[in-house]
Amino acid sequence: MEANVPKRKEPARSLRIKVISMGNAEVGKSCIIKRYCEKRFVSKYLATIGIDYGVTKVQVRDREIKVNIFDMAGHPFFYEVRNEFYKDTQGVMLVYDVGQKDSFDALDSWLAEMKQELGPHGSMDNVVFVVCANKIDCTKHRCIDESEGRLWAESKGFLYFETSAQTGEGINEMFQTFYVSIVDLCENGGKRPTANNSASFTKEQADTIRRIRNSKDSWDMLGVRPGASREEVNKAYRKLAVLLHPDKCVAPGSEDAFKAVVNARTALLKNIK
Ligand code: GTP
Ligand code: MG
């Protein structure tokens, strides 16, 4: 007779991961981590000296994840201390302050620093990046809007979250999605799952939206010389309309860019005989 013995439940498969925080000084890296791990916010600025290290455990599906967090100092002074911590990282939290344009513009140089420290044989393709647009509670000082931040992040295949360490908004969702993506990566043989790997819009679309945002007048926006003819304006308009039409383009900010192009064309045609 077969004994009806219940099957022993497999122990949860455990996993160790390493994540690091990156971004300019004072953008709120340490506060984001503190908000998640200790559920509190410290308003006094206590600069991280070199690096802070902590361990936390989280559950993702059936797996217990031991997370080693290396919280880096953003100040250039600490470069020599933090540069050795880039290796063997599965996840990067890349933070900027939505009220400090410099901290947004610096994101590329943070990626460059990491790339340099990983050396010619290191790869950043197999690392999950989450961009945190932090301090969204400071609405009065905001100068980088959501579509600009999202466009930068998503055109690189990075996750993007709007966060406030002060109010806690977006913090749990950001960490949860970040950890799930890292576990997906580990289960996918260390490769970023293809869905996360590439943006759902082209580089040309992203670059065009950025160019339109930064254009100085309607001629510049359409990419024609001042004093161009009706035909030239219409030709340039049609090209941009095909590229940015909201039915065809899902890049963040495409709708506003499309509207701006329509308005620029209308304004120019009014004054061209
Ligand atoms: P370094 O360690 O020097 O690289 O800075 P950091 O990026 O770790 O910044 P930290 O977390 O220490 O925060 C810097 C300052 O910003 C502190 O005064 C925080 O109280 C404040 N701060 C952080 N996050 C937020 C936020 O979401 N909203 C507001 N209003 N202030 C924040
Ligand atoms: Mg810090």
Side-chain angles (χ1 to χ4, degrees), residues 17-56 58 67-87 89-118 127-150 152-153 158-179:
I17 61 172
K18 174 182 170 184
V19 304
I20 60 174
S21 68
M22 268 162 50
N24 278 9
E26 251 182 280
V27 294
K29 300 179 293 297
S30 303
C31 284
I32 289 175
I33 294 167
K34 205 166 260 141
R35 164 60 75 188
Y36 181 72
C37 296
E38 300 173 22
K39 312 271 175 279
R40 66 193 181 101
F41 175 71
V42 183
S43 59
K44 188 166 181 273
Y45 174 42
L46 299 163
T48 303
I49 307 299
I51 201 121
D52 267 347
Y53 170 70
V55 186
T56 183
V58 293
V67 187
N68 295 284
I69 304 183
F70 293 81
D71 177 25
M72 294 203 185
H75 199 283
F77 179 76
F78 295 112
Y79 167 69
E80 293 295 343
V81 183
R82 65 173 182 257
N83 63 3
E84 61 192 271
F85 290 94
Y86 284 113
K87 288 188 296 288
T89 295
Q90 281 86 37
V92 174
M93 206 174 81
L94 194 50
V95 185
Y96 69 93
D97 173 347
V98 296
Q100 292 286 339
K101 190 170 182 313
D102 286 358
S103 71
F104 177 68
D105 293 340
L107 295 179
D108 282 309
S109 53
W110 282 100
L111 292 180
E113 180 174 305
M114 179 171 183
K115 193 162 189 253
Q116 181 188 313
E117 293 315 315
L118 292 180
V127 177
V128 174
F129 285 85
V130 62
V131 175
C132 300
N134 195 40
K135 305 199 189 182
I136 55 164
D137 56 285
C138 300
T139 45
K140 266 201 209 140
H141 304 287
R142 185 158 188 167
C143 58
I144 306 293
D145 68 15
E146 180 178 351
S147 64
E148 191 170 3
R150 196 177 275 284
W152 186 89
F158 297 172
L159 299 165
Y160 172 88
F161 280 86
E162 301 242 302
T163 58
S164 166
Q166 191 194 65
T167 66
E169 195 177 342
I171 303 285
N172 285 343
E173 297 86 331
M174 180 274 290
F175 274 106
Q176 193 57 30
T177 308
F178 186 38
Y179 292 145

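Everything quoted here is computed from the prediction, not taken from an experiment. We count ligands from 1, going down the list as the structure has it; atoms in each ligand are counted the same way.
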Keeping the roles fixed (side chain from Glu162, backbone from Ala133), state whether a donor-acceptor pair exists under 3.5 Å. no

Take atom OH in Tyr79; do more than 12 heavy atoms of anything else shown fall under 6.0 Å from it? yes

Residue, atom name and distance, where the atom is the protein heavy atom closest to atom 7 (O) of ligand 1: Lys29 NZ, 2.8 Å

At a 4.0 Å cut-off, with the gap strictly under it, does some heavy atom of Phe78 reach an atom of ligand 1? no

Quick one: nearest non-hydrogen protein atom to atom 3 (O) of ligand 1, plus distance? Tyr45 OH, 2.5 Å

Under 4.0 Å from a heavy atom of Asn134: which atoms of ligand 1 are those, numbered in the order shown and with their elements? 24 (N), 25 (C), 27 (O)

What is the closest protein heavy atom to atom 16 (O) of ligand 1, and at what distance does it sit? Lys135 NZ, 3.0 Å

Mind checking whether Trp152 and Phe104 have parallel, tilted or perpendicular rings, split at 30° and 60°? perpendicular

Region of Ile136 engaging ligand 1 - heavy atom pairs below 4.0 Å: neither

With a cut-off of 2.8 Å, does Ser30 put an N/O/S atom close enough to the Mg ion (ligand 2)? yes

Report yes if some N/O of Val27 lies less than 3.5 Å from some N/O of ligand 1; otherwise report no. yes

For atom 30 (N) of ligand 1, find the nearest protein heavy atom and state the residue, atom name and distance (0.1 Å precision). Asp137 OD2, 2.8 Å

Ionic contact status for Asp71 with Lys29, cut-off 4.0 Å: no

Under 3.5 Å: donor-acceptor pair, side chain of Lys34, backbone of Ala165: no

Minimum side-chain heavy-atom gap Asp97-Glu26 below 4.5 Å: no

Identity and distance of the protein heavy atom lying nearest atom 27 (O) of ligand 1: Ala165 N, 2.8 Å

Which of the atoms of ligand 1 are close to Cys138, meaning less than 4.0 Å from one of its heavy atoms? 30 (N)

Check for a donor-acceptor pair, side chain of Ser21 on one end and backbone N or O of Met72 on the other, with a separation under 3.5 Å. yes

Could you list which atoms of ligand 1 come closer than 4.0 Å to a heavy atom of Phe41? 20 (O), 22 (N), 23 (C), 24 (N), 25 (C), 31 (N), 32 (C)

List ligand 1 atoms under 4.0 Å from Val42, heavy atoms only on the residue side. 19 (C), 20 (O)

Please confirm whether Gly74 comes within less than 3.5 Å of ligand 1 when only nitrogen or oxygen atoms on both sides are compared. yes

Ranked by distance from atom 5 (O) of ligand 1, the top protein heavy atom is Glu26 N, 2.9 Å

For atom 18 (O) of ligand 1, the protein heavy atom that lies nearest, with its residue and separation: Ser43 O, 2.9 Å

Is the backbone N or O of His75 less than 3.5 Å from a side-chain atom of Arg82, with the two atoms forming a donor-acceptor pair by type? yes

Touching ligand 1 at all, Gly23? Heavy atoms, strictly under 4.0 Å? no

Check whether any N, O or S atom of Ser21 sits under 2.8 Å from the Mg ion (ligand 2). no

What part of Cys31 sits under 4.0 Å from ligand 1 if we count only heavy atoms: the side chain, the backbone, both or neither? both

For ligand 1, the portion of Thr48 having any non-hydrogen atom under 4.0 Å away: both

Identify the two heavy atoms, one from Ile20 and one from Tyr86, that lie closest to each other, and give their separation to 0.1 Å. CD1-CD2, 3.5 Å

Minimum-distance protein heavy atom relative to atom 10 (P) of ligand 1: Gly28 CA, 3.7 Å

Under 4.0 Å between a Lys/Arg side-chain N and an Asp/Glu carboxylate O for Arg150 and Glu146? yes

Under 3.5 Å donor-acceptor, Asn134 side chain and Val95 backbone: no

Is the Tyr179 ring parallel, tilted or perpendicular to the Phe175 ring (thresholds 30°, 60°)? tilted

